[in-house]
Amino acid sequence: MTFDVRLLDSTYSVNQKDDGVSEVIVKLFGKTRENKSITILCPDFKPYFHVFEPSPALLKAFKDSPDVLSVEDVTLEYKGSQEKFAKVSVRAPWMVPKFRGQYELKHKTITLVDPPEELVEKLRAEPDVLEVSVLNGGVKVSTEDRVYSQKLINRYGLIAYMDEEDAEKFHTKGVFFAADIVFTNRFIYDHDLETCVRVSGDLMERSNEYTTDLLLKASRFEKCDIFTPKLKILSFDIESSIKYNNIYCICLTVINEEDGSRQDRRIFSEFGARELKISAEEQKARDEDERRILKEFVREVRALDPDVITGYNINNFDLAVLFERANKLFGKGGGKPDEEKKRQSNDELGFGRDTLGMSRRENRTTGFVTWDVKGRLILDGWLSVKKELRPKREGLGYVSTMLFNDTKDNIDSSHMDDEWQARKDEVIHYCLKDADLALRILTHPRIQAISKLMDVAIPAKLPVKEVSGGQNRMIESLLIRMVDREKVAVPMSSGEVYDYEGGFVYDTKPGLWEWVIGLDFSSMYPSQVIKHNICFTSFTKNKAEAAHTSPVGAMFLPTEKRHGIVPRMVEGLLTSRKQAKAAMKKAKEEGNLEQADYYNRLQNAIKIMANATYGYFGTKFCRWPYNRYIAPSITAWARDEIKTVVTTLESRGYTVIAGDTDSVFFTSKEHRDLEKCKLLGFTVQQEFSAGNMHLELEKVMIRFFAHAKKRYFGKIIWPEESLLVRGYEPRRTDSFDLQSETMTKVFQLVLDGKPEEAVNYAKDTVHDTIKGKVDLPRLVISKSVNEFDSYDNPGSLVHVNVAKKLQEMGYDFTPGMKTPFIITNGSAQPQKAEPVIEGVQFTARPDYKYYAERLAMALARITEPFGCDERALIQGNSQRSLEFFCDDKPAPKAEAPVHGANVKKVKQTATLDMFM
DNA sequence: GACTGTGGCCGTGGTG
DNA sequence: CACCACGGCCAC
């Protein structure tokens with residue numbers, strides 16, 4: 001049988017065969033072109049890793065180990081040279097980290113005791129030796145990395161000249177390569193699988209072990225066309241007692257995209273609210289009842305067999321509740337012996353596509369918790385909303401109202417025990433409603449969380465679950481395949497952190513400007529990689545060979561000599577993005593909007609990957625040790641590129657107003673209409689576009705205002721009329737609506753050439769605010785609150801205090817979630833505020849004076865150039881120097897109508913007492 | 001075994 | 001009052 005499969009997830013198991021030999025089976029989970037769920041079993045794939053020139057002692061250790069299946073000699077490229085490696089295959093995937101822990105060489109500086117003079121001379125002559133220093137009785141030899149130390153040890157038998165302690169460090173040790181690649185990814189890379197694959201094999205009888213429609217033993221993989229199957233999505237919500245932790249009900253709703261059908265399940269306790277003192281019998285009966293609830297949940301999910309499990313804030317709440325209750329009521333459950341504490345699982349929660357339980361993983365540094373079941377994606381609706389929508393508030397009710405004008409039922413979640421006692425049926429309805437809202441959010445056209453993951457998986461060539469973990473997986477997926485194919489060694493990341501310089505930001509010339517032309521380089525960083533052949537395979541230290549020397553001194557070979565893997569990969573991405581864009585255009589012209597939307601998401605996914613490639617080389621977990629040359633070289637060349645444009649434009653008498661990394665905004669006194677600006681823009685575009693660098697005329701603005709770096713707004717008139725705002729409060733999620741709305745209005749008035757109206761509008765709004773003539777919702781401020789103990793001084797931060805207060809009131813606190821509040825005393829230190837809770841009337845009095853001052857501060861940055869500073873906004877008396885601004889005057893003779901030089905910097909703190 | 005990067009603004013609280 | 005560090009969020 002042959003199936004086309006969209007891969008969703010992968011895992012493996014190790015089986016003991018009858019003859020005592022263990023067999024590793026890779027399991028792939030996916031959905032067929034016919035929308036059937038499938039488990040694919042792939043036997044006979046062996047875990048392996050590479051070791052650089054293992055010493056005879058290490059080689060013997062490998063060969064003597066019963067866990068080692070084979071040791072082969074291979075030649076791989078490392079730092080531009082062909083080197084000898086051993087490929088070591090082992091019995092089970094977990095043995096790879098085991099061997100690494102036992103035999104990995106961790107040191108590189110060699111200390112020799114009384115070595116013969118001629119040996120020292122030989123070492124000095126070695127090209128790989130950085131330094132040989134003689135200190136009392138010993139000789140210290142340092143090299144660039146462990147590979148070269150190992151080489152010297154092997155070549156000169158240096159172990160014999162070490163003291164016991166040092167010999168221990170180097171004896172029976174080796175430099176490991178590719179020993180940290182997740183085993184199932186290793187399988188995917190080696191078989192060059194992509195997110196969609198045609199698989200042939202024997203169909204097996206379905207067993208209870210797997211929940212999928214199909215179970216296939218694979219014998220062959222081939223390429224197949226991309227397709228997007230219809231998925232089954234399950235959303236669930238749990239209501240539980242905050243006081244006693246017991247679960248009252250779990251509600252699920254499942255949609256099958258194939259036919260749009262919906263199914264609901266309500267699983268709930270037979271008991272009423274728990275009370276503080278209960279008999280041992282009741283406790284026992286309640287526990288049994290709750291075990292039934294958990295088992296029923298698992299049974300239902302297995303029977304429904306969804307591809308995706310979602311809910312709102314399930315990562316921090318619902319899944320944690322399941323896990324804790326299962327641990328409490330069933331005992332700790334399985335947990336395989338080879339696993340460490342960082343990953344825990346509970347086998348009773350076996351609602352994945354195999355029989356293993358749900359597992360928990362916690363990021364050590366951020367504390368961020370993720371959950372996993374095999375074969376199904378777990379997506380948190382809250383995280384998707386945060387990422388795609390960036391709403392000012394993140395509560396389920398607020399988001400639902402915003403997206404589809406529907407909201408939560410009215411149940412007081414801070415008193416769940418009382419609610420359960422008083423109106424059980426309504427709580428169950430509320431619970432199902434929350435599950436329903438979460439499901440609708442995840443699939444909402446503005447979010448489309450699943451579709452986006454499916455799309456990103458295409459260029460990344462990975463199972464969908466892999467791409468939800470971060471960008472580096474996607475980059476490595478492409479990179480490692482190419483690197484392997486070309487027999488280049490895959491090092492493990494050193495974890496080294498280093499700082500380097502980023503993009504160039506032009507010091508903005510503040511003020512209001514007319515006829516501003518904006519250009520930017522398309523894909524600046526990827527283009528630099530291509531232009532200068534920047535790669536770990538083309539990096540050289542040989543001046544004579546180098547074709548490109550970056551401003552930070554790194555040298556790269558010419559393309560003809562060695563076309564780097566990274567430039568080729570990036571080129572591939574840019575090319576396929578171009579193709580996706582063309583396909584989108586075509587689909588649009590043919591009126592196929594759904595397909596156009598698909599290609600739009602695809603081109604966007606590719607763009608993200610192309611840009612993330614640069615970022616990958618700047619991280620501490622980048623595998624290639626040249627990373628400290630690659631990212632800094634990319635940014636340095638990019639700085640040169642944009643600075644060249646800026647200085648050239650300035651040398652011609654144009655006024656550059658702003659620029660950031662790959663963009664430039666400028667104006668010319670001779671170009672005061674659209675046609676002239678476009679012509680000039682296109683001329684500049686032409687002049688600075690060469691090879692693979694494309695400077696593009698992006699927009700012409702009739703008016704443009706800026707007061708600082710990364711803070712500007714403008715009225716675009718070409719290619720399409722629109723309002724452009726960057727950095728200012730309307731873009732920020734931590735500003736209050738009154739502030740965002742007032743500023744947007746002021747921006748429009750300024751851009752329409754009505755500064756007087758803008759100033760008056762600003763004053764009026766400030767005055768209305770002082771008088772309290774403003775709706776409460778427009779004063780809500782919302783800020784993210786992290787884990788309390790992550791702060792230096794949590795008590796001094798108003799938003800953290802509000803979150804603490806909410807927690808004390810009985811609401812669950814989620815680190816990272818925005819907390820909405822209204823300031824009630826802005827002059828207290830720390831400021832005082834009251835939380836804003838969905839469905840609860842806000843009764844406190846806002847500190848209107850505080851809001852008026854915040855508003856005035858923000859507005860003053862815009863009105864200041866027109867002679868109206870913060871004090872004036874509040875006092876309402878200054879009208880001076882408005883003549884600076886005009887829209888009926890002829891085009892200004894020199895430079896701009898208003899310029900930074902004309903504006904007095906007035907910095908003062910206003911108080912309302914001045915006029916009250 | 002998770003994990004893109006640097007540059008920048010601005011409100012706030014703390015210090016001298 | 002000037003200055004600094006922290007924290008949040010944004011531009012690219």
Side-chain angles (χ1 to χ4, degrees), chain A residues 94 96-97 100 179-183 185 339-340 342-343 361-370 390 392 468-476 492-493 495 497-508 520-521 523-525 608-622 627 630-632 634-636 638-639 642 658-663 706-712 725-735 781-786 790-800 816 818-819 823 826-831 850 853-854 857-858 861 907-909:
Chain A
W94 57 267
V96 176
R100 209 184 128 192
D180 59 347
I181 297 172
V182 175
F183 176 61
N185 285 354
E339 281 180 335
E340 293 170 35
K342 66 198 169 212
R343 197 190 172 100
R361 210 178 305 164
E362 189 175 335
N363 183 310
R364 245 184 242 151
T365 46
T366 63
F368 191 81
V369 175
T370 48
R390 292 196 318 121
K392 286 203 175 179
S468 52
Q471 312 271 12
N472 77 319
R473 286 275 177 94
M474 311 199 318
I475 306 300
E476 292 204 332
M492 299 194 294
S493 81
V497 210
Y498 67 108
D499 288 328
Y500 66 94
E501 205 178 329
F504 165 71
V505 186
Y506 187 84
D507 197 4
T508 301
D520 60 15
F521 282 102
S523 305
M524 171 66 109
Y525 288 167
I608 292 168
M609 276 194 75
N611 287 332
T613 307
Y614 145 73
Y616 171 76
F617 284 98
T619 62
K620 67 171 186 294
F621 42 83
C622 172
N627 59 2
I630 291 179
I634 295 171
T635 54
R639 287 193 298 276
I642 194 67
D660 189 341
T661 309
D662 58 2
S663 69
H707 86 276
K709 289 174 175 176
K710 297 178 193 282
R711 301 251 157 167
Y712 59 86
V725 181
R726 290 290 178 266
Y728 283 116
E729 281 75 359
R731 299 273 298 186
R732 297 182 62 90
T733 55
D734 58 353
S735 59
I781 298 171
S782 196
K783 279 189 181 187
S784 298
V785 178
N786 298 322
S790 70
Y791 294 100
D792 281 1
N793 189 2
S796 72
L797 299 166
V798 64
H799 58 301
V800 177
K818 288 188 194 299
T819 300
I823 297 288
S827 26
Q829 245 185 0
Q831 297 173 323
Y850 165 80
E853 277 172 358
R854 279 276 311 260
M857 281 195 286
R861 280 191 276 277
K907 179 76 195 161
Q908 50 189 324
T909 346

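Convention: sequence-line order gives letters A, B, ...; per-chain numbering from 1.
A:T370 comes within 4.0 angstrom of nothing in the nucleic acid, heavy atoms only. Residue contacts shown for A:K392 are absent, as no nucleic acid heavy atom lies under 4.0 Å away. When heavy atoms are screened at a 4.0 angstrom cut-off, A:R861 is found touching the sugar-phosphate backbone but no base atom. Among the heavy atoms of the strands, none lies under 4.0 Å from A:F521. At a threshold of 4.0 angstrom between heavy atoms, the contacts of A:N793 are confined to the sugar-phosphate backbone, with no base atom among them. Heavy atoms of A:G502 sit under 4.0 angstrom from primed sugar atoms or phosphate atoms, though from no base atom.
Looking at which nucleotide of DNA chain B each of A:P97 and A:Y525 is closest to, the 5′-most match is held by A:P97. Each of A:F504 and A:Y616 was matched to the nucleotide of DNA chain B holding its nearest heavy atom; the match closer to the 5' end belongs to A:Y616.
Put simply, A:Y728 has no side-chain N or O that comes within less than 4.0 Å of OP1 or OP2 on B:dG8. At B:dT12, none of the side-chain N or O atoms of A:Q829 fall inside 4.0 Å of OP1 or OP2 (strictly under the cut-off). Contact annotation: A:S784 side-chain N/O to C:dC9 OP1/OP2 distance is under 4.0 Å. Within the structure, every side-chain polar atom (N or O) of A:N786 is placed at least 4.0 Å from both OP1 and OP2 of C:dG7. Residue A:K710 places no side-chain N or O under 4.0 Å from the OP1 or OP2 atom of B:dC9. Listed pair A:H799 / B:dG13 fails the phosphate criterion, with no side-chain N or O lying under 4.0 Å from OP1 or OP2. The side chain of A:K709 contributes no N or O atom lying less than 4.0 Å from OP1 or OP2 of C:dC10.
Taking atom CE on A:M524 and atom P on B:dT4, their separation rounds to 24 Å, with Å as the unit. In this entry the distance linking CD of A:E362 with C1' of B:dG1 reads 14 Å, nearest Å. The nearest whole Å value for the distance from the NZ atom in A:K783 to the P atom in B:dC9 is 18 Å. Going from atom OH of A:Y614 over to atom P of B:dT6 covers 7 Å, rounded to whole Å. Across the protein-nucleic acid pair, A:F183 atom CZ and B:dG1 atom C1' stand 17 Å apart, rounded to whole Å. In this entry the distance linking CD of A:E853 with C1' of B:dC10 reads 16 Å, nearest Å. When the P atom of B:dG7 is taken as reference, atom CG of A:D660 falls 11 Å away, rounded to whole Å. Rounded to an integer number of Å, the gap from A:R639 CZ to C:dC12 C1' is 14 Å.
Closest approach to the A:D792 side chain among B:dG13, C:dC6, B:dG8 is made by C:dC6 (side chain taken as heavy atoms from C-beta onward). In the set B:dG13, B:dG7, B:dG11, the nucleotide with an atom closest to the side chain of A:P830 is B:dG13. Closest to the A:R732 side chain, of the nucleotides B:dG7, B:dT4, C:dC9, is C:dC9. The side chain of A:M857 lies closest to B:dT12 when the candidates are B:dG14, C:dC12, B:dT12. Comparing C:dG7, B:dT12, B:dC10 by their nearest atom to the side chain of A:Y791 picks out C:dG7. The A:T619 side chain lies nearest to B:dG5 when the options are B:dG14, C:dC12, B:dG5. Of the candidates B:dG7, B:dT6, C:dC12, the closest approach to any side-chain atom of A:T661 belongs to C:dC12. Here the nucleotide nearest the side chain of A:R731, chosen from B:dT4, C:dA11, B:dC9, is C:dA11. Side chain of A:N472, nearest nucleotide from C:dA11, B:dG13, B:dT4: B:dT4. Comparing B:dT6, B:dG14, B:dG7 against the side chain of A:E501 picks out B:dG7 as the nearest.
Pairs engaging residues 498-508 of chain A under the salt bridge (Lys or Arg N to Asp or Glu O under 4.0 Å) rule: A:E501-A:R639 [sequence neighbours left out].
At a threshold of 4.5 Å between non-hydrogen side-chain atoms, the residues A:S735 and A:Y728 do not count as touching. Using a 4.5 Å cut-off on side-chain heavy atoms (C-beta onward), A:E476 and A:Y616 make contact.
Considering all non-hydrogen atoms of both residues, A:Y850 and A:G826 come closest at CD1-CA, 3.8 Å. Minimum heavy-atom separation, A:Y614 to A:Y525: CD2-CD1, 3.3 Å.
A ring-centre distance under 6.0 Å is found for A:Y498 and A:Y500.
For A:P97, the side chain to side chain contact (heavy atoms under 4.5 Å, CB included) test picks out no residue, with sequence neighbours left out.
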